[in-house]
Amino acid sequence: MRSNESFASAIRLRGMKLTRQRQLILEVLESSRGHPDAEMVYAKAKERDPRIGFATVYRTLALLKQLGLAEEHNLGEGHGHFEAVDKTKPHFHFTCLKCGKVVEFVSPQILRTTQSLCEKKGLLVTDIHLHFSGYCRHCRPAGSECAEKP
Ligand SMILES: [Zn+2]
Ligand SMILES: [Zn+2]
């Protein structure tokens with residue numbers, strides 16, 4: 001598995017070990033649909049390794065984030081949600097304020113902006129914090145206009 005290889009080499013570069021539990025946490029994250037929080041990753045990892053501790057899950061998620069293998073999103077709640085990074089598909093998130101539904105979307109415009117920041121201003125973008133919130137199709141007040149500005 002490609003990401004497991006890059007995890008292994010990134011972790012070795014830091015003089016750390018790719019333990020079975022760390023590997024398991026990455027696998028759980030990669031096989032998760034959506035955006036699990038640390039508790040959800042912990043619950044899934046525990047099904048496969050009952051001895052795994054929440055602290056290990058928490059620390060490993062932080063490590064994956066540091067290594068650029070996972071992203072943490074604030075989806076409008078107090079705690080973070082995690083997602084394995086798939087560099088080929090950068091996408092953004094919209095959270096419904098009423099039902100909590102998370103909608104993912106791609107934005108070629110935003111990617112073009114980062115490209116031109118680099119080409120025109122010499123800025124290499126490594127991280128984008130952008131989170132949209134509002135009301136989904138089902139929760140929108142009846143008669144609300146699409147053009148309504150936040
Ligand atoms: Zn909704
Ligand atoms: Zn996502």
Side-chain angles (χ1 to χ4, degrees), residues 1-11 14 16 18-49 52-118 123-150:
M1 214 197 283
R2 193 169 43 84
S3 59
N4 237 333
E5 272 165 37
S6 59
F7 188 27
S9 55
I11 219 165
R14 298 185 166 225
M16 299 170 84
L18 182 62
T19 61
R20 215 172 40 75
Q21 291 193 335
R22 284 181 176 147
Q23 213 166 331
L24 171 63
I25 292 161
L26 178 62
E27 281 169 24
V28 164
L29 195 61
E30 285 186 322
S31 64
S32 302
R33 284 173 158 261
H35 311 83
D37 60 15
E39 288 284 350
M40 286 150 85
V41 173
Y42 172 57
K44 275 201 188 172
K46 217 171 158 58
E47 283 172 14
R48 291 171 56 181
D49 182 354
I52 208 160
F54 182 71
T56 303
V57 171
Y58 200 80
R59 278 197 304 264
T60 304
L61 287 171
L63 178 67
L64 288 170
K65 201 176 119 180
Q66 253 179 41
L67 298 176
L69 292 167
E71 277 180 3
E72 182 175 4
H73 303 294
N74 182 337
L75 299 176
E77 293 176 41
H79 60 269
H81 290 248
F82 294 86
E83 182 172 40
V85 167
D86 184 345
K87 301 247 184 228
T88 60
K89 277 185 243 145
H91 63 271
F92 302 93
H93 302 92
F94 171 97
T95 310
C96 177
L97 295 168
K98 194 168 172 203
C99 69
K101 180 185 163 91
V102 176
V103 179
E104 301 192 317
F105 58 93
V106 293
S107 173
Q109 294 94 325
I110 291 169
L111 301 178
R112 269 202 299 277
T113 301
T114 63
Q115 181 81 20
S116 86
L117 277 175
C118 189
L123 307 174
L124 177 64
V125 176
T126 57
D127 211 2
I128 301 175
H129 302 274
L130 191 58
H131 177 237
F132 294 70
S133 55
Y135 298 98
C136 76
R137 181 189 293 279
H138 303 289
C139 301
R140 258 174 80 173
S144 56
E145 302 273 337
C146 278
E148 236 166 72
K149 289 278 183 306

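Sequence positions, counted from 1, serve as the residue numbers for this chain. Indexing begins at 1, ligand by ligand and atom by atom, following the structure's order. All of these numbers come straight from a predicted model, not from anything done at the bench.
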About how large, to 10 degrees, is the angle SG of Cys99, then the Zn ion (ligand 1), then SG of Cys139?
110°

Angular separation of Cys96 SG and Cys136 SG about the Zn ion (ligand 1), given to 10°
110°

When you compare the side chains of His131 and His129, does any donor N or O come within less than 3.5 Å of an acceptor on the partner?
no

Without hydrogens or angle criteria, can the side chains of Glu71 and His93 be said to hold a donor-acceptor pair below 3.5 Å?
no

Contact between Leu69 and Val85 at the side-chain level, heavy atoms closer than 4.5 Å - yes or no?
no

Mind checking whether the Zn ion (ligand 1) has an N, O or S of His138 under 2.8 Å?
no

How large, to 10°, is the angle at the Zn ion (ligand 2) when you draw lines to NE2 on His35 and to NE2 on His91?
170°

Between the side chain of His81 and the main-chain N/O of His35, is any donor-acceptor distance below 3.5 Å?
yes

Quick one: report the N, O or S atom of Glu104 that is nearest to the Zn ion (ligand 2).
OE2

Tell me whether the Zn ion (ligand 2) has His73 as a neighbour, meaning an N, O or S atom of it below 2.8 Å.
no

Pick one: which of Ile128, Val103, Val106 meets side-chain contact (heavy atoms from CB on, under 4.5 Å) with Phe92?
Ile128

